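Not measured: the values here are computed from a predicted model.
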Amino acid sequence: MPEPSPYRPIPDADYDALRAAFEKHRKDQQLSFDALVRMTGIARSSIIDIAQGRTRGSLESWHRLAHALDVPLADLMRQLCADHGTEGTS
């Protein structure tokens, strides 16, 4: 019998939850896409693509968006693991 692997599979990131959190914060603060463009320097089409799930966005983009939304980046990124948690990771 083969030795069991000490490694567990890594679950997929929940990008839908990340986008939902982004949209909630954006709407709660009544920020238009144009306002986010002015605040972040990210192209309007890129912000819309992120919001609609056509792209995941770069870490730099999420960093800028988090600052524009006045939300800690870690709070947004935590959504990636919302459906499976991070127990047992180090």
Using side-chain heavy atoms (C-beta onward) and a distance below 4.5 Å, is [X] in contact with [Y]?
X: L31; Y: M39; value: yes
X: V71; Y: L65; value: no
X: F33; Y: R26; value: yes

Exercise. Does a side-chain N-to-carboxylate-O contact under 4.0 Å join E60 and R64?
Worked result: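 Yes, charged N to carboxylate O under 4.0 Å.
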
Exercise. What do you reckon, is NE2 of H63 surrounded by more than 12 foreign heavy atoms closer than 6.0 Å?
Worked result: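 Not more than 12 within 6.0 Å, no.
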
Problem set entry | D28, CG atom: more than 12 neighbouring heavy atoms under 6.0 Å |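 Enclosed: over 12 neighbouring heavy atoms sit under 6.0 Å from CG of D28.
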
Exercise. What residues, two or more places apart in sequence or in another chain, satisfy side chain to side chain donor-acceptor pair (under 3.5 Å) together with D34?
Worked result: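 If we apply the side chain to side chain donor-acceptor pair (under 3.5 Å) test to D34, skipping adjacent residues, the hits are R44.
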
Exercise. Is it true that a side-chain atom of Q29 and a backbone atom of L69 form a donor plus acceptor pair closer than 3.5 Å?
Worked result: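 Pair found, side chain donor or acceptor close to backbone of L69.
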
Exercise. Do any N or O atoms from the side chain of W62 and from the backbone of R56 form a donor-acceptor pair under 3.5 angstrom?
Worked result: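 At least one qualifying donor-acceptor pair exists.
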
Search all heavy atoms of [X] against all heavy atoms of [Y] and return the closest pair with its distance.
X: P72; Y: A66; result: C-CB, 4.4 Å
X: L36; Y: A68; result: CD2-CB, 3.8 Å
X: T55; Y: S46; result: CG2-O, 4.4 Å
X: H84; Y: L80; result: CE1-O, 3.4 Å

Problem set entry | side chain to side chain contact (heavy atoms under 4.5 Å, CB included) against Q30, all qualifying residues, sequence neighbours excluded |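 By the side chain to side chain contact (heavy atoms under 4.5 Å, CB included) rule, Q30 matches no residue at all.
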
For this session: Go through the structure and list residues passing side chain to side chain contact (heavy atoms under 4.5 Å, CB included) with S61, not counting sequence neighbours.
Result: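 For S61 the side chain to side chain contact (heavy atoms under 4.5 Å, CB included) partners, ignoring immediate neighbours, are I42, I50, S58.
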
Problem set entry | Hydrophobic cluster identity match, L18 and I10, side-chain contacts under 4.5 Å |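 As far as the 4.5 Å side-chain criterion goes, I10 and L18 are not connected within one cluster.
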
For this session: Drop me the distance from R19's CZ to D14's CG, to the nearest 0.5 angstrom.
Result: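 Reported value, rounded in 0.5 Å steps: 8.5 Å.
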
